[in-house]
Protein chains: 2
Amino acid sequence: MARPKAFDEEAVLQKAVNLFWCRGYEATSVQDLVDCLGINRASLYDTYGDKYELYVKALERYRDTGQSGLCQNMDKSRPALDLLRDLFTEGIQNSLADPDQKGCFMVNSAVELAAHDETIGRIVADNQRAFEARLQQVIERGQQEGTINRVHSAASLATFLFNTYTGIKVLARTRPEPTALYGVMNIAMSALQPSS
Amino acid sequence: MARPKAFDEEAVLQKAVNLFWCRGYEATSVQDLVDCLGINRASLYDTYGDKYELYVKALERYRDTGQSGLCQNMDKSRPALDLLRDLFTEGIQNSLADPDQKGCFMVNSAVELAAHDETIGRIVADNQRAFEARLQQVIERGQQEGTINRVHSAASLATFLFNTYTGIKVLARTRPEPTALYGVMNIAMSALQPSS
DNA sequence: CTAATTCCGGAACGAACATTCTATATAGCG
DNA sequence: CGCTATATAGAATGTTCGTTCCGGAATTAG
């Protein structure tokens, strides 16, 4: 009946993710989006709604594509500590490999918008909870294995690791030095070990 | 010779600190500043320069007034661990007492602007280095006292604590819960203890 | 073919933006 | 008082903002 879309909706949305991720919400103009996405202004509004809706969709896509460090494969056969270390290592490697030093889109959104916008605040908070719950599962397994201390609860340790991850993602924006980032990870991991 | 200023330059600048701190750079308009500062548009430009210069002055004032957690009194008679714990406790208390959940102006600036603006990037990076150097001094003293482990270098531990502090200041924006924030602090402090 | 839908470039819109300017009032000093 | 400098309020500037609309080209289904 009609002419089909000439662009891949998801691929274009991913471009929006990268632009918002890099510049933030306020500093990104619709003109910037038109130039970067490579589609027409009208197509942008028809497909994604207005600028704000597009941002929300971009943030949701970022979350759903596992770029928020969440969608890690949690192989139960591997030691819990190794799993956690891998998660941090991957996050640090991604930060160091990024020439734009974008950090984490979730963290950036948390700082710029979450306190003032209810919708984005909920997305960010939900993602935080999901991330921590995932961490808590692994930590609990490690405590059963005896490789993680029981001095602190699994929930507290999960919040601590999440906090460390967040800090690294901020630090990576201004000081993307391997020694600093991996050093932070190593000390955080050592805090998990038993007999402290 | 001339009519004197009818407003306190520093007091008005502090109002600008609070507004930029709360909303960020891009989301704050000059009209917002005029309304909040209570001075005339022309007086604003004559006294502080344009919006960007005002932001830089506000960030520098934030730094110089010790609101960035840096100007803590470092009493050498107190145990090093207590000093560090006080610093975190004060930072957490400030965050919890703030109804606007503004977090830390330095951290917010780091996320929003430091990667794209050289001047602000330098202010933020310098502040980070100064903060870490201060932490390192205290940590070295604790290591000499034997209350802080020597498994990790004082510099690495300082970066770790700074990272934890940063994470807390982000977490406080979206989840200002005492249990979460103090829990993170406690685990971070436990990572400093010897014989791990 | 026709009809329907989406593409695209670009014009047009009012609102908000940062910045500058005009005009007038006011304070200190000779 | 008279002079000077800076205060004030608010208009006016030109630009950019987000958003909508138009016209024609393109593509698919019937």
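Order of the sequence lines sets the chain letters (A, B, ...), proteins ahead of strands, with each chain counted from 1. Computed from heavy atoms alone, side chains included, the values below leave out hydrogens, waters and symmetry copies.
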Round to the nearest Å and state the distance from [X] atom [atom1] to [N] atom [atom2].
| X | N | atom1 | atom2 | value |
| --- | --- | --- | --- | --- |
| A/Leu33 | D/dT16 | CG | C1' | 15 Å |
| B/Leu37 | D/dA9 | CG | P | 13 Å |
| A/Tyr48 | C/dT6 | OH | P | 14 Å |
| B/Asp46 | D/dT8 | CG | P | 10 Å |

Scan nucleotides 15-19 of chain C against the protein and return all N/O pairs shorter than 3.5 Å with their distances rounded to 0.1 Å.
| from | atom 1 | to | atom 2 | distance (Å) |
| --- | --- | --- | --- | --- |
| C/dA18 | OP1 | B/Val30 | N | 3.4 |
| C/dA18 | OP1 | B/Lys51 | NZ | 3.0 |
| C/dA18 | OP2 | B/Val30 | N | 2.7 |
| C/dT19 | OP1 | B/Asp50 | OD2 | 3.4 |
| C/dT19 | OP2 | B/Tyr45 | OH | 3.0 |
| C/dT19 | OP2 | B/Lys51 | N | 3.1 |
| C/dT19 | O5' | B/Tyr45 | OH | 3.4 |
| C/dT19 | O4 | B/Arg41 | NE | 2.7 |
| C/dT19 | O4 | B/Arg41 | NH2 | 3.3 |

With sequence neighbours left out, write down each residue that passes ring-ring contact (aromatic ring centres under 6.0 Å, His included) with [X], or none if nothing qualifies.
| X | value |
| --- | --- |
| B/Phe88 | B/Tyr165 |
| B/Tyr45 | none |
| B/Tyr48 | none |

Inset, instruction - Verify the contact: side-chain N or O of B/Asn40 to OP1 or OP2 of D/dA9, cut-off strictly under 4.0 Å; return yes or no. - result: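 Result: yes.
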Inset, instruction - Look at A/Ser43 and C/dC8 and indicate whether a side-chain polar atom (N or O) is within less than 4.0 Å of OP1 or OP2. - result: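 For A/Ser43, the contact criterion (side-chain N or O under 4.0 Å from OP1 or OP2 of C/dC8) is met.
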Inset, instruction - Using the salt bridge (charged side-chain N to carboxylate O under 4.0 Å, His left out) rule, collect all pairs that involve residues 92-110 of chain A, keeping only residues at least two apart or in two chains. - result: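 Qualifying pairs: A/Asp98-A/Lys102.
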Inset, instruction - Look at the aromatic rings of A/Phe105 and A/Tyr62 and report parallel, tilted or perpendicular, splitting at 30° and 60°. - result: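 Correct class here is perpendicular.
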Can I get a per-line list of side-chain donor-acceptor pairs under 3.5 Å for residues 153-164 of chain A, giving both atom names and the distance, sequence neighbours left out?
| from | atom 1 | to | atom 2 | distance (Å) |
| --- | --- | --- | --- | --- |
| A/Ser153 | OG | A/Ser156 | N | 3.0 |
| A/Ser153 | OG | A/Ser156 | OG | 3.0 |
| A/Thr159 | OG1 | A/Glu132 | OE1 | 2.8 |
| A/Thr159 | OG1 | A/Ala155 | O | 3.1 |
| A/Asn163 | OD1 | B/Ile168 | N | 3.0 |
| A/Asn163 | ND2 | B/Thr164 | O | 3.2 |
| A/Thr164 | OG1 | A/Phe160 | O | 3.0 |

